[in-house]
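See below for the structure under consideration.
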Amino acid sequence: MSKVTVVGAGFVGSTVAQYVAEKDLADVVLIDIPNLEGVAQGKALDLMQAAPISGWHSRSLIGTSDYAHSKDSDIVVITAGIARKPGMTREDLLRTNAKIVKEVAEKAVKQSPNAIFIVVTNPLDVMTYLVQETTKLDSTRVIGMAGVLDSARFQAFIGMELNVSCQDVRAMVLGGHGDLMVPLPRYSSVNGIPITELISKERIEALSARTRDGGAEIVKLLGTGSAYYAPGSSVSQMVEAILLDKNRLLPCAVLPTKGEYGLKDVYIGLPAVLNRKGLDKIVELKLTDDESAMLKKSADSIKENIKLMNELLAAAV
Ligand code: APR
């Protein structure tokens, strides 16, 4: 059995654990801070007790605050951090989560130097960059989860709009995980039929806008906290693609080391092929001038935040 460590036993982390276990993909180690070790243990035990009913076979599901338990993980998923609270600036969030994610990445990579890291903590693209910098792993082994989630949201909205099963809807959303993400209607279809043939331009624009605000819409409805079912499910799809060596083409936050899309030095959502090596390759699509400009704008904004994060981390030392 493969081993997946999930750091952060909160809403997203425990949902990742659930889907990974239910899909029989791996044994799972859920890690949280010492104060919340009991919570991690309790959730792991609760989940383990669902196994006889749900019929999956993971032999081991543990909750802990001790990274020694994560030794030799195949995959480490980082969900540790805080969600933005009312009154908190983006900068506050960046400072707090950068400190947490850096510490988590350092501890986790010591135990699992051969793992593939999937980063979930927001601001996503910046945190993924930080994990790669901190772990010094090859960038093919550090991947951010956002594109799968943003595309799934777009797919769900397209399915709802047309009253067709979301199963038949494919969609592609690139760019950063935030206001500047780049939904690509031209590359979105219902079983091969481009959505541009099925939905008016105005309605596609409305669905794209709802996708862009997809996270915020849920935050507003929940009152406290943010989304976790779709994020957890998205992570489990990436874990599956990697552990089962599936060569799946999924939009993920990756580092374009060969200057793909005219980009470099920035983690950003691009179409990526995932397999047992982690990122196998980035697939280059022909984008229109508008789409390229949107992607560049998104990359510039992430770069600014990377710069800000480096300043905040340097000031904290
Ligand atoms: N080490 C381990 N766990 C930590 C640490 C740390 N240093 N710091 C915080 N955590 C844990 C918290 O104790 C908490 O249990 O991370 C968990 C985060 O869980 P939630 O607060 O429930 O947040 P969640 O909804 O899971 O979101 C986590 O994913 O989607 C993103 O924006 C979201 O950045 C956020 C992250």
Side-chain angles (χ1 to χ4, degrees), residues 5-20 28-44 46 62-70 73 76-86 88 90 92-111 117-131 134 143-150 152-153 176-179 181 213-236 238 252-253 269 305 309 313 316:
T5 286
V6 182
V7 189
F11 281 100
V12 177
S14 51
T15 310
V16 170
Q18 179 189 348
Y19 287 132
V20 167
V28 181
V29 180
L30 254 182
I31 296 185
D32 213 295
I33 50 175
N35 281 355
L36 294 180
E37 182 166 37
V39 172
Q41 286 173 338
K43 288 188 179 181
D46 187 13
I62 61 164
T64 180
S65 64
D66 181 358
Y67 282 77
H69 287 121
S70 72
S73 292
V76 174
V77 181
I78 299 182
T79 76
I82 58 160
R84 193 167 157 194
K85 299 185 185 80
M88 198 179 206
R90 239 170 235 275
D92 292 336
L93 179 76
L94 194 56
R95 186 184 294 112
T96 305
N97 280 356
K99 263 176 72 182
I100 292 173
V101 166
K102 192 170 188 322
E103 177 205 311
V104 164
E106 278 164 0
K107 288 182 177 165
V109 76
K110 252 187 221 150
Q111 299 293 335
F117 281 63
I118 299 177
V119 184
V120 186
T121 307
N122 277 314
L124 189 274
D125 308 271
V126 186
M127 291 302 125
T128 311
Y129 182 94
L130 177 61
V131 170
T134 306
I143 306 164
M145 187 293 291
V148 174
L149 170 62
D150 297 328
R153 284 183 173 147
H177 184 51
D179 311 343
M181 69 178 73
D213 295 334
E217 184 180 0
I218 289 175
V219 165
K220 207 166 150 204
L221 289 167
L222 291 179
T224 57
S226 47
Y228 50 97
Y229 289 121
S233 187
S234 302
V235 173
S236 77
M238 291 170 67
C252 302
N305 279 323
M309 176 187 68
L313 283 173

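Numbering of ligands and ligand atoms starts at 1, following listing order.
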(request) Measure the CG-CD1 distance between N97 and I78 for me, rounded to the nearest 0.5 Å. (result) 11.5 Å
(request) Considering only protein heavy atoms, determine whether one is less than 4.0 Å from atom 24 (P) of ligand 1. (result) yes
(request) Starting from atom 33 (C) of ligand 1, locate the nearest protein heavy atom and write down its residue, its atom name and how far away it is, to 0.1 Å. (result) N122 ND2, 3.8 Å
(request) Please say whether F11 places an N or O atom under 3.5 Å from an N or O atom belonging to ligand 1. (result) yes
(message) When you compare ligand 1 with T121, is there at least one nitrogen or oxygen pair between them that comes in under 3.5 angstrom?
(response) no
(request) Identify the protein heavy atom lying closest to atom 4 (C) of ligand 1, giving its residue, its atom name and the separation to 0.1 Å. (result) A80 CB, 3.5 Å
(request) Check each atom of ligand 1 against the heavy atoms of E103 and keep those under 4.0 Å away; list them by number with element. (result) 7 (N)
(message) Quick check for you: to the nearest 0.5 Å, what is the distance between I31 atom CD1 and L36 atom CG?
(response) 13.5 Å
(message) Could you identify the single nearest non-hydrogen protein atom to atom 29 (O) of ligand 1 and state the distance to 0.1 Å?
(response) V120 O, 3.8 Å
(message) Applying a heavy-atom cut-off of 4.0 Å, say which part of A83 lies close to ligand 1: side chain, backbone, both or neither.
(response) neither
(request) Out of I82, T224, I31, V12, indicate the one that has the non-hydrogen atom closest to atom 35 (C) of ligand 1. (result) I82
(message) I want to confirm something. Looking only at heavy atoms, which of P34, G81, G8, G225 is nearest to atom 21 (O) of ligand 1?
(response) G81
(request) Verify, without hydrogens or angle tests, whether T121 (side chain) and A80 (backbone) share a donor-acceptor contact under 3.5 angstrom. (result) yes
(message) Quick one, H177 with D150, criterion side-chain hydrogen bond (donor to acceptor under 3.5 Å, both in side chains). Give me CA distance, side-chain angles, the key distance, then yes/no.
(response) CA-CA 8 Å; H177 184 51; D150 297 328; 2.9 Å; yes
(request) Any chance you could measure F11, atom CZ, to T224, atom OG1, to the nearest 0.5 Å? (result) 7.0 Å
(request) Might you work through the side chain to side chain contact (heavy atoms under 4.5 Å, CB included) test for N305 and M309, ending with a clear yes or no? (result) CA-CA 6 Å; N305 279 323; M309 176 187 68; over 6 Å; no
(request) Answer yes when E103 and K107 have at least one side-chain N-carboxylate O distance shorter than 4.0 Å, and no when they do not. (result) yes
(message) If you define the side chain from C-beta out and look only at heavy atoms, does anything of T128 sit under 4.5 Å from I143?
(response) no
(request) Answer yes when D46 and K43 have at least one side-chain N-carboxylate O distance shorter than 4.0 Å, and no when they do not. (result) no
(message) Students should be able to answer this: which protein heavy-atom is nearest to atom 19 (O) of ligand 1, and at what distance?
(response) G10 CA, 3.2 Å
(request) Starting from atom 5 (C) of ligand 1, find the nearest protein heavy-atom neighbour and note its residue, name and distance. (result) I33 CG2, 3.5 Å
(message) I'd like the name of whichever of V219, D32, T15, L149 reaches closest to atom 10 (N) of ligand 1 through any heavy atom.
(response) D32
(request) Could you list all the salt bridge (charged side-chain N to carboxylate O under 4.0 Å, His left out) pairs where at least one residue sits in residues 216-236, not counting sequence neighbours? (result) R210-E217
(message) Checking K102 now: which residues fulfil salt bridge (Lys or Arg N to Asp or Glu O under 4.0 Å) with it, not counting sequence neighbours?
(response) E106
(request) Looking only at protein heavy atoms, identify the closest one to atom 28 (C) of ligand 1 and say how far it is in Å. (result) T79 O, 3.1 Å
(request) Just let me know how I100 lines up against ligand 1, side chain, backbone, both or neither, with a heavy-atom cut-off below 4.0 Å. (result) side chain
(message) Under a 4.0 angstrom heavy-atom cut-off, which atoms of ligand 1 come close to V7?
(response) 2 (C)
(request) Would you kindly specify which portion of V39 sits under 4.0 Å from ligand 1, judged on non-hydrogen atoms: side chain, backbone, both or neither? (result) neither
